[in-house]
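Below you'll find the structure, written out as structure tokens, and then a few comments.
As a basis for the values below, the full set of heavy atoms in this structure was taken, side chains included, without hydrogen atoms, waters or symmetry mates. Reminder, nothing fancy here: chain letters follow the sequence lines and each chain counts from 1. As the structure is a prediction and not an experimental result, all values here were calculated from the model.
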Amino acid sequence: MHSETLSFFEKVYEVARLIPYGRVTSYGAIAKYLGAARSARMVGYAMNSSHTKDVPAHRVVNRKGLLTGKHHFEGTNLMQQLVESEGVRVVNNQVQDFDKLFWDPSEHLL
DNA sequence: CTCTTGACTGAGG
DNA sequence: GCCTCAGCCAAGA
């Protein structure tokens, strides 16, 4: 599962699938968890390709809790609808109570 | 091999 | 708090 043969994208997908229902994390947090703290942009790039795969990409937002990837989902508001369906409140693309809902992949190891 | 493309981030003003 | 800029680097062409 965590083979070295997995591409960076595939590793990102594995971590994204660990995000609990109703919680969110950031591109940077996932990158850090993978030991590639400076590859946050790559995480977002990977999410762009997660379209067809079984990955909860809507639970990944930027460090401020903004839904920066919403334009990559179908329709004009699908990403927000998905997170809100999990109980996450969003106002102007900003996740409310972001500090409380933020899930750090690194905590998963503790 | 080189070059471009970014769903990012931290620092500086 | 805001905005801008530069560094970041995997993948695909």
Side-chain angles (χ1 to χ4, degrees):
Chain A
M1 209 45 112
H2 296 350
S3 168
E4 323 271 307
T5 65
L6 288 176
S7 69
F8 184 81
F9 279 24
E10 292 170 318
K11 290 180 182 175
V12 170
Y13 301 149
E14 289 297 313
V15 180
R17 294 191 181 99
L18 297 176
I19 306 172
Y21 180 96
R23 301 294 296 283
V24 296
T25 192
S26 70
Y27 304 96
I30 292 176
K32 185 177 181 180
Y33 175 86
L34 292 176
R38 297 170 183 169
S39 299
R41 302 182 69 169
M42 301 303 98
V43 175
Y45 201 29
M47 287 295 121
N48 192 35
S49 299
S50 72
H51 181 48
T52 59
K53 312 195 184 332
D54 180 27
V55 178
H58 58 281
R59 295 179 191 149
V60 185
V61 300
N62 81 348
R63 66 168 172 142
K64 299 177 182 175
L66 291 170
L67 307 190
T68 51
K70 67 179 299 182
H71 297 306
H72 293 266
F73 284 78
E74 291 179 32
T76 58
N77 219 30
L78 179 59
M79 185 179 189
Q80 180 171 332
Q81 291 178 355
L82 288 172
V83 287
E84 291 189 316
S85 72
E86 299 186 355
V88 177
R89 290 176 298 105
V90 179
V91 178
N92 289 328
N93 299 326
Q94 168 67 57
V95 172
Q96 303 300 291
D97 296 316
F98 180 56
D99 292 348
K100 297 178 182 176
L101 296 176
F102 180 75
W103 178 80
D104 186 346
S106 299
E107 289 180 29
H108 179 73
L109 298 174
L110 304 181

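A:V83 pairs in a side chain to side chain contact (heavy atoms under 4.5 Å, CB included) with only one of the listed residues (A:V88, A:L101, A:V95), which is A:V88. Here the rule is side chain to side chain contact (heavy atoms under 4.5 Å, CB included) with A:Y33, and of A:V43, A:L18, A:D104 only A:L18 fits it.
Residue side chain A:R41 reaches the base of C:dC8 through a donor-acceptor N/O pair under 3.5 Å, judged by distance alone. Contact of A:R38 with C:dG7 (side chain to base): no donor-acceptor pair of N or O atoms is detected under 3.5 Å. In this model, a side-chain donor or acceptor of A:Y27 finds a partner on the base of B:dA7 within 3.5 Å.
Put simply, CZ on A:F9 is 11 Å from C1' on B:dA7, counting in whole angstrom units. Rounded to an integer number of Å, the gap from A:L34 CG to C:dA10 P is 12 Å. Distance, A:L66 CG to B:dT9 P: 10 Å, rounded to whole Å. Protein atom CZ of A:R63 is 17 Å distant from nucleotide atom P of C:dC8, rounded to whole Å. Rounded to a whole Å, the CZ atom of A:F102 is 13 Å from the C1' atom of B:dT9. Between the NZ atom of A:K11 and the P atom of C:dC9 there is a distance of 15 Å, rounded to whole Å. To the nearest angstrom, C1' of B:dA7 lies 13 Å from CZ of A:F8. What separates CG of A:N93 from P of B:dC8 is a distance of 13 Å, to the nearest Å.
Although no hydrogens or angles enter the test, the distance criterion places a donor-acceptor pair under 3.5 Å between the side chain of A:T25 and the main chain of A:W103. Distance alone, capped at 3.5 Å, is enough to place a donor-acceptor pair between the A:N62 side chain and the A:K64 backbone. At distances below 3.5 Å, not a single donor-acceptor pair connects side-chain atoms of A:E86 with backbone N or O atoms of A:P20.
Checked against C:dA11, B:dA7, B:dC8, the side chain of A:A57 finds its nearest nucleotide in B:dA7. Set against C:dC9, B:dC8, B:dG10, the side chain of A:M42 has C:dC9 as its closest nucleotide. Nearest nucleotide to the A:S39 side chain, out of B:dC8, C:dC9, B:dA7: C:dC9. Comparing C:dC9, C:dA11, B:dA7 by their nearest atom to the side chain of A:N48 picks out B:dA7.
Under 4.0 angstrom from either OP1 or OP2 of C:dA10 there lies no side-chain N or O belonging to A:S7.
Looking at heavy-atom distances under 4.0 Å, A:F73 makes contact with a base. Nucleic acid contact class of A:A46 (heavy atoms, under 4.0 Å, all strands): none.
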